[in-house]
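Notes follow the structure.
The residues of the chain are indexed from 1 along the displayed sequence.
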Amino acid sequence: MKNPVYWVVLAGISIALIQQGLPVRSQGESQSDNKQMDNITIRQGETLFLSCLQGDFVTHTAWLNRSSILYAGEDKWSVDPRVSLVTLNQDEFTIKIEDVDLTDEGQYICAVQTSSRPRTTSVHIIVQVPPKIVNLSKDLVVNEGSNVTLMCLANGKPEPAIGWRMLSPSDDSLSSDSEVLEIPFISRYRAGVYECTASNDIAVDTQTVELTVNYPPSVSDGRDVGVTLGQRGVLQCEADAVPEADFEWYRDDRRIFNGFDGIEIEDAGAFSKLTFFNVSEADYGNYTCVAINKLGSANTSIILYVQDGNSGTSTVFTPTCLLLVVLLQLLLKF
């Protein structure tokens, strides 16, 4: 149980209780017979103790909440199981309300009838409620260039302040001090996790929204690769895209498939590899990697060229170059 909040009424103060047939204070009696204590603030979920120090010659006692009787002497009138009697004797009349809720807020009156006259004291109970986010935008998937609106609504007392910020990756420039965060013409760099915070004097509540931004592929410039005849050669292609791109490889205008002429194609996320296990002269030339998703495509060219294993020099063999080499070899034979 959390720390209780006590309210103590000064000795000798009482209240007229009409429901018990007790006399009502007349207009000629002193205004001091009906006193208003300072407001008491308690947090939702805590335990409230209400206590009257009664004084001498008390004949009747009662605790009221607005127009409802909670206890009249030892008799419990409230059907609420959270309300119970703690102490009742000549000096003190204390009741307890457990797990205080917002519905418990309002005026409470201690009624004490002495042998001379009734006297009244009342206090207003204010229940504070920690913030709770009750309506939050769902995770979103949008296309680059779209206008995005994120919404966050919260309850609490005092009324919570609501704010947005870009949590991951962190970006302090993208924030809002209101329930709504507007992101016009969103770019891929605005994708990430956004956090809504609702806070008041009691506590803080936070929830997150993941924002995914789709965009067409962009392909890194291909790096030409030199390989000695008979050796293993690998061409690599990297594409940045959301959703992830599918890859296609071409030699001139002809598409290459996995296992074609001993060539292996392996895709892994943003990367694709074209592997030659035993490079022949026919393998040298220009290759094109194409990355495709539902928003578009991009490509890059990579040349597989001959590398002299002895001198470290290299020769590029495009189809035209290969023809010239063959003609040169024929001329040298004559």
Side-chain angles (χ1 to χ4, degrees), residues 141-145 168-170 187-193 210-334:
V141 179
V142 299
N143 292 340
E144 192 170 39
S168 176
S170 179
S187 73
R188 65 193 68 184
Y189 308 108
R190 297 300 193 186
V193 178
E210 185 170 1
L211 184 56
T212 302
V213 179
N214 292 332
Y215 53 90
S218 59
V219 179
S220 301
D221 291 338
R223 296 182 59 184
D224 298 341
V225 176
V227 180
T228 304
L229 281 171
Q231 299 300 309
R232 183 174 181 268
V234 178
L235 307 184
Q236 297 189 69
C237 181
E238 180 181 1
D240 179 26
V242 176
E244 286 185 346
D246 295 321
F247 292 92
E248 296 178 358
W249 286 90
Y250 293 84
R251 169 74 184 270
D252 299 326
D253 293 329
R254 184 183 58 167
R255 183 175 177 183
I256 302 171
F257 293 94
N258 193 31
F260 179 79
D261 288 344
I263 298 174
E264 180 183 81
I265 299 174
E266 182 181 0
D267 297 337
F271 294 89
S272 182
K273 293 193 304 182
L274 183 69
T275 302
F276 303 86
F277 293 97
N278 185 9
V279 174
S280 66
E281 287 188 359
D283 293 326
Y284 295 119
N286 186 53
Y287 292 82
T288 300
C289 169
V290 181
I292 306 167
N293 71 6
K294 61 182 182 180
L295 298 180
S297 64
N299 64 79
T300 187
S301 294
I302 305 173
I303 294 176
L304 179 67
Y305 60 86
V306 176
Q307 181 170 291
D308 191 331
N310 296 323
S311 64
T313 59
S314 60
T315 306
V316 177
F317 279 82
T318 63
T320 303
C321 185
L322 286 171
L323 179 59
L324 292 175
V325 169
V326 171
L327 290 174
L328 181 59
Q329 291 175 344
L330 290 174
L331 291 172
L332 291 176
K333 290 181 179 180
F334 294 99

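The number of heavy-atom neighbours closer than 6.0 Å to CZ of Phe277, taken from other residues, nucleotides and ligands shown, is above 12. The environment of Glu244 atom CD is sparse: at most 12 non-hydrogen atoms of other residues, nucleotides or ligands sit within 6.0 angstrom. Taking a 6.0 Å sphere around CZ of Arg223, one finds it holds 12 or fewer heavy atoms contributed by other residues, nucleotides or ligands.
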>> Determine whether Thr275 and Glu266 satisfy the following criterion, side chain to side chain contact (heavy atoms under 4.5 Å, CB included), listing intermediate values before the conclusion.
In response: CA-CA 8 Å; Thr275 302; Glu266 182 181 0; 5.8 Å; no
> Going through the checks in order, is the side chain to side chain contact (heavy atoms under 4.5 Å, CB included) test met by Val225 and Val234?
Replying inline: CA-CA 8 Å; Val225 176; Val234 178; over 6 Å; no
>> I'd like to know whether Trp249 forms a side chain to side chain contact (heavy atoms under 4.5 Å, CB included) with Leu235, so could you lay out the CA-CA distance, the side-chain angles of the two residues, the decisive distance to 0.1 Å, and finally the verdict.
In response: CA-CA 10 Å; Trp249 286 90; Leu235 307 184; 4.0 Å; yes
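Here the side chain of Glu144 pairs a donor or acceptor atom with the backbone of Arg188 at under 3.5 angstrom. Using a distance-only test at 3.5 Å, with no hydrogens or angles considered, no donor-acceptor pair links the side chain of Asp240 to the main chain of Ser218. Of the possible polar contacts, one joining the Tyr284 side chain to the Val227 backbone as a donor-acceptor pair under 3.5 Å is found. The backbone N or O of Gly222 sits less than 3.5 Å from a side-chain atom of Thr300, completing a donor-acceptor pair. Of the possible polar contacts, none joining the Ser168 side chain to the Gly192 backbone as a donor-acceptor pair under 3.5 Å is found.
Side-chain polar atoms of Tyr215 and Asn293 form no donor-acceptor pair below 3.5 angstrom. There is a side-chain donor-acceptor pair under 3.5 Å between Arg251 and Tyr287.
Of all the heavy atoms in Asn299 and Val219, the pair that sits closest is N-CG2, 4.0 Å. Heavy-atom minimum distance, Arg232 versus Val279: C-CG2, 4.5 Å. Listed here is the closest heavy atom pair of Asn143 and Val213: C-CG1, 4.3 Å. Nearest heavy atom pair, residue Ser272 against residue Ile265, reads OG-CG2, 4.1 Å. When every heavy atom of Ala245 is checked against every heavy atom of Pro217, the shortest pair comes out as CB-CG, 4.2 Å. Of all the heavy atoms in Ala291 and Phe247, the pair that sits closest is CB-CE2, 4.1 Å.
Going from atom NZ of Lys273 over to atom CG of Asp267 covers 10.5 Å, rounded to the nearest 0.5 Å. Annotation: the span from Cys289 atom SG to Ile256 atom CD1 amounts to 10.5 Å, rounded to 0.5 Å. Once rounded to the nearest 0.5 Å, the distance linking OG1 of Thr288 with CD1 of Ile302 reads 8.5 Å.
Inter-residue side-chain proximity for Ile292 and Glu248 is flagged as met; some heavy-atom pair is nearer than 4.5 Å.
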